[in-house]
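Residue numbering restarts at 1 for every chain, and letters A, B, ... go by the order of the sequence lines. Computed from a predicted structure; not experimentally measured.
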Amino acid sequence: MEENYLDKLNEPQRLAVEATEGPVMVIAGAGSGKTRVLTYRIAHLLNKGVDAFNILSLTFTNKAAREMKERIGYVVGESNAKSLWMGTFHSVFARILRVEAPLLGYPSDFTIYDQQDAVSVMTKIINEMNLDKDIYKAKQVLGRISQFKNNLITVRAYHNNQALIEADNEAMKPRMGDIYRAYVDRCFKSGAMDFDDLLLRTNEILTRFPEVLAKYQERFKYIMVDEYQDTNHSQYLIVKALASRYENLCVVGDDAQSIYAFRGANIRNILSFKQDYPDAKLYPLEQNYRSTQMIVEAANQIIKQNQDQLEKNVWTANESGEKIAIYRGLSDADEARFIASQIWERQISEHLQPKDFAILYRTNAQSRALEEALRKRGIQYRVFGGTSFYQRKEIKDMVAYMRLLINQNDEEALLRTINYPARGIGQTTISKLLVAADQHQISLFSLVENIAMYAPTIGINAGTTTKLNNYALMIKRFQVMLKSHDVYEVTMEMAKTTQLLNALKEDSTPEGVSRLENVQELLNSIQGYVEEQQQLEDGDASLSGFLENIALATDADNEEEDDNKVNLMTVHLAKGLEFPIVFIAGLEENLFPSMMSVNTRAELEEERRLFYVALTRAEKVAYMTYSVSRFRWGKIIDCEPSRFLEEIDDDFLDWKNLNIPVRNSNNSGLSADLFGDEPSAESYKQREKSVARPNPNQRPSGNVQPRPNFKPVNQTSSSSAGSQENALGLKVGQVVVHDRFGRGVVRDLQGEPNDMKAIIHFDNAGEKKLLLNFAKLKIIRS
DNA sequence: AAGCGCTAGCTTTTT
DNA sequence: GCTAGCGCTT
């Protein structure tokens, strides 16, 4: 055991570690050693004789939990660290729900529906209710329901809430309440919970069953929550309930790094901790150990421009470091080429390894160009997130079979597998089955299982009855097999019997080969999982254990061995990580900040915090790049530098190439002086600043420079002279032409000047709402 | 019932 | 540039 771990902490860190009793809030600036505090705090608790069994630590990713456990193991010995409860909210409470969910009528082997499953259920519901799928968009509706759930508004509560009902009526969605009810019913009947349910149902149990609450309050005498600024209301209530007995609650976070408001995170949870717990001790950690002075100070300057924040002063004793390099690309490919070349050069000149580099971006779609450039250079890289392994069709197919074995009420899994690989059970049959199951109020599987009994009344012929029967028998055979064989053996057998592997083997296209490889990888990972769990004393080598693992695996979690590769990921995924050299790519208006987030100050401030998070990932060197044009939606569009670049003082910046486009001065779009002399950074900035930009989101006071007129260069550089005037000068009643929808009349204009939408009635396409910044409109008659 | 080809809409970010 | 969903053909 490590003896002197307290000596490894600075004063505020040590105080936070030693304050084990009562509520504690650690406000940890970027790079200030927050993980170190959490780790040593737990080690300290264990050292003081607290049973690991009584400690609950909620982390942001499962990977963070694993790493922390490992580090604690170094300090206090592995065996002691083993029984700690550590993980994400979702995984910890899923585990608790395996035990407690039957109280609410769920099976303990409930399925966890991911986003895709949820969308698929929702699409069916909207369809069955005969609603217009353009008004009731499955994803949007689910987003709304997610809001309800995260604020503990149950179906009943919704129907008693006039304000919500009215809001949905206003939004032209009067059936929202019915859809909500149908969705919840459907999930319940399928024995399934979505991500939000894991938290909502936990809350429900803790509220409705005081003895269960008491059990976990006694169990979790010490609670720690990392990234507290990103907890939503539902999570907040769980923590509050569990901690209310002993109040040994330590939350760690940084309001400046709150970047998940879009999924319900409530920054007020951290801002009002002191009101919730008046006796709380506060420990601000302000010394940054991660980054150079240049990076720390530039980051400070960025975040200062947000109104909503706790005062703090992050500083560092590290070296002053290089200025932030800025590069302006001519295209996304050029931007990517520059990044790849810098990585190449730095690797050689500074003896760095690929894994020392990270390229961060706002949207997953940006990875494509970057990947290509890295490939051309022969640089090894790794993309996190995006379409993850478990979202691939071939994997979901395989997993659907596995899910069905565990929970035969899982309707999504049944529908996915019943005719894949094809066994002659088509849409017509499935529709009949769905109707009949509903009529008889039985699950789809029990209907299929007893199809011989029902077939005549449903109108299913003998041939199809046999097929259905065989399918049910096959599933049941695997279920039986699961009792005597391990998960890997059963899955392997299943892959063979269903012809799933063979179907893939026949496909010799590159995509087909890669699909087969993926399935083989899944089988390998099952084997690995089984072996690993069998070695553990309290291992869970069950199929449901494996399924839970993959349903709740985060994109940051999956880690390959020996991955000395350049890291590509969204800024969101980079939270909590650090790299010697960081590139922030795509710093353009409408991309970073995102087009969807520039309408309110709150949204814009979240984007700015995101930018802050991105920059503070860097230890030694940060690059920021943007491009004047970019492939988006299959087209080349013109881009403007991000307003965030303007917000950084020139003292921190090193403009790498200054061949700056002519902008706002004539109608030539790009080109012009691309190959001409490079103007200085000064003249560039002056030129941009000389044009005042009406920005409704701008803080009225403060030392921020007036925002240059960046925005509405029209997407179509072809739309020639004064496209901006056209866009903004559009009037109701004008006749316009759109290159896809044809001729139409402007009916209405809505929104901010910079984000104007037009309702246009097209002769042939009907009424459409178009974003003027993007719509390709030509006015033909005023 | 299955397979193919076309089109509409699309991306913010994720447990 | 991609993919989900639709309609047409076999």
Original post:
B:dT11 C1' sits how many Å from A:R632 CZ, rounded?
Top reply: 8 Å
**OP:** Check the angle between the aromatic planes of A:F188 and A:Y106 and answer parallel, tilted or perpendicular using the 30° and 60° thresholds.
**Re:** perpendicular
Subject >> Value in whole Å for how far the C1' atom of B:dT15 lies from NZ of A:K149 >> reply: 13 Å
Original post:
Taking the side chain from A:T417 and the backbone from A:A413, do they hold a donor-acceptor pair closer than 3.5 Å?
Top reply: yes
Original post:
Now, which nucleotide makes the Watson-Crick or G-U wobble pair with B:dT12, with each of the two distances under 3.5 Å?
Top reply: none
Subject >> Nearest-neighbour nucleotide for the A:Q115 side chain, B:dT12, B:dT15, C:dG1 considered >> reply: B:dT15
Original post:
So, do A:F262 and B:dT13 meet the stacking rule of ring centres under 5.5 Å and planes under 30°?
Top reply: yes
Original post:
Roughly how many Å is it from CZ in A:F384 to C1' in B:dT14, rounded to a whole number?
Top reply: 16 Å
**OP:** May I ask you to say what A:Y260 touches in the nucleic acid, namely base, sugar-phosphate or nothing, with a heavy-atom cut-off under 4.0 Å?
**Re:** sugar-phosphate
Original post:
Do we see a donor-acceptor contact under 3.5 Å between the side chains of A:D332 and A:S627?
Top reply: no
Subject >> Rounded distance (Å) that lies between atom P of B:dT15 and atom CG of A:N549 >> reply: 14 Å
**OP:** Output yes when at least one side-chain N/O atom of A:N590 is less than 4.0 Å from OP1 or OP2 of B:dT12, else no.
**Re:** no
Original post:
Does B:dT11 have OP1 or OP2 sitting under 4.0 Å from an N or O in the side chain of A:N364?
Top reply: no
Original post:
Could a donor-acceptor pair under 3.5 angstrom be found where the side chain of A:R263 meets the base of B:dT15?
Top reply: no
Subject >> Whole angstrom value for the distance that separates P of B:dT15 from CZ of A:F195 >> reply: 8 Å
**OP:** Determine which nucleotide pairs with B:dC4, using a 3.5 Å limit on both distances of a Watson-Crick or G-U wobble pair.
**Re:** C:dG7
Original post:
Quantified in whole Å, what is the C1' atom distance between nucleotide B:dT12 and nucleotide C:dG5?
Top reply: 24 Å
**OP:** With DNA chain B as reference, determine whether A:T464 or A:F89 sits nearer its 5' end, using the nearest nucleotide of each.
**Re:** A:T464
Original post:
Taking OP1 and OP2 of B:dC10, is either one under 4.0 Å from a side-chain nitrogen or oxygen of A:K139?
Top reply: no
Original post:
Over how many whole Å does the gap from A:D226 atom CG to B:dT15 atom P extend?
Top reply: 15 Å
Original post:
Are any of A:T61's side-chain N or O atoms less than 4.0 Å away from OP1 or OP2 of B:dT15?
Top reply: no
Original post:
Using a cut-off of less than 4.0 Å, is there contact between a side-chain N or O of A:T428 and OP1 or OP2 of B:dA1?
Top reply: yes
Subject >> Carboxylate-amine/guanidinium contact A:R609 A:E606, below 4.0 Å >> reply: yes
Subject >> NZ/NE/NH1/NH2 to OD/OE distance under 4.0 Å, A:R201 and A:E100 >> reply: no
Subject >> Whole-Å distance separating the NZ atom of A:K137 from the C1' atom of C:dT3 >> reply: 16 Å
Original post:
Could you give the NZ-to-P distance, from A:K575 to B:dT12, as a whole number of Å?
Top reply: 21 Å
Original post:
Counting only side-chain N and O atoms of A:S597, is one of them less than 4.0 Å from OP1 or OP2 of B:dT13?
Top reply: no
**OP:** Hey, can you tell me if A:H572 and A:F262 have their rings parallel, tilted or perpendicular (30° and 60° cut-offs)?
**Re:** perpendicular
**OP:** Classify the nucleic acid contact of A:N419 as base, sugar-phosphate or nothing, counting any heavy atom under 4.0 Å across all strands shown.
**Re:** sugar-phosphate
Subject >> Of the listed nucleotides B:dT15, C:dG1, B:dT12, the one nearest the side chain of A:F631 >> reply: C:dG1
Subject >> 5' precedence on DNA chain B between A:A365 and A:T570 (nearest-nucleotide basis) >> reply: A:A365
